[in-house]
Amino acid sequence: MKRLFTWLTLGLLMSLAACNDVEDVDPALLQGQFTGTFERMVDGQSLGVASIGLLLEGNSFSGTGGPNRYPAICNGTFTVSENRIIFENACFFTADFDWSLFLNGSWQVNQQGGELILRRSADTLVDVYRLQRIVNDR
């Protein structure tokens, strides 16, 4: 009986480990022209909010950031994996600003209502893009 209980417990734990509560991002969600904001927070304090524009087509992106390259958005490619979007920026930037401000690397993707939210964090730094799709009436 003890052995049966051990096997049932082990099976339950393996089943729970196999469950993945991460939802895959719908690729259609990451296509189109977006407008929105970028905000960087350090230790919970905002460094400011900037207006941005972003175009996602196929697996390519391009966009415009705020003043003084806050953030710096240029162009490149992206891939989607589960609930993450990974940007590879193809542009070269000069060394006179914070390179962590250009759109590159892995970002968590969430959708809240009609808003697409891209977020990444490292230690006490949190970057957030809040995007809304621009609807063209053609």
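Just so we're clear, the structure is a prediction, and the values are computed from it rather than from any experiment.
Linking ILVMFWY residues whenever their side-chain heavy atoms come closer than 4.5 Å, directly or via other members, leaves Phe102 and Val128 in distinct clusters. Using a 4.5 Å cut-off between side-chain heavy atoms of Ile, Leu, Val, Met, Phe, Trp and Tyr, with links allowed through other members, Phe87 and Val126 fall into different hydrophobic clusters. Cluster annotation: Val42 and Val49 are assigned to distinct hydrophobic clusters (Ile/Leu/Val/Met/Phe/Trp/Tyr, side-chain heavy-atom contacts under 4.5 Å, transitive).
The nearest pair of heavy atoms linking Met41 to Ser46 is CG-CA, 3.9 Å. Scanning both residues, Ala28 and Arg133, for their nearest heavy atoms gives O-NH2, 3.2 Å. The two residues Ser106 and Arg84 come nearest to each other via the heavy atoms OG-NE, 2.7 Å.
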Table please: side-chain donor-acceptor pairs of residues 109-118 below 3.5 Å, with sequence neighbours left out.
residue	atom	partner	partner atom	Å
Gln111	NE2	Gly113	O	3.3
Glu115	OE1	Arg130	NH1	3.3

Under 3.5 Å, which donor-acceptor pairs link side chains of residues 51-64 to any protein atom two or more places apart or in another chain?
none

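A distance of 4.0 Å separates CG of Asp127 from CZ of Phe38, quoted to the nearest 0.5 Å. Gln108 contributes atom CD, which lies 5.0 Å from atom CG of Asn83 (distance to the nearest 0.5 angstrom). How far CD1 of Ile134 is from CD of Gln33: 4.0 Å, rounded to the nearest 0.5 Å. Taken from CD1 in Ile86 to CG in Asn104, the straight-line distance is 11.0 Å, to the nearest 0.5 Å. Between atom CG of residue Leu30 and atom OG1 of residue Thr79 there is a gap of 10.5 Å, rounded to the nearest 0.5 Å. The structure places OH of Tyr129 at 13.5 Å from CZ of Phe34, a figure rounded to the nearest 0.5 Å.
The number of heavy-atom neighbours closer than 6.0 Å to CD of Glu88, taken from other residues, nucleotides and ligands shown, is 12 or below.
In this structure, Pro71 and Leu103 have side chains that are not in contact, with every pair of non-hydrogen atoms separated by 4.5 Å or more.
With sequence neighbours left out, Phe78 forms a ring pair (Phe, Tyr, Trp, His ring centres under 6.0 Å) with no residue at all.
Between the side chain of Asp43 and the backbone N or O of Gln45, no donor-acceptor pair lies under 3.5 Å.
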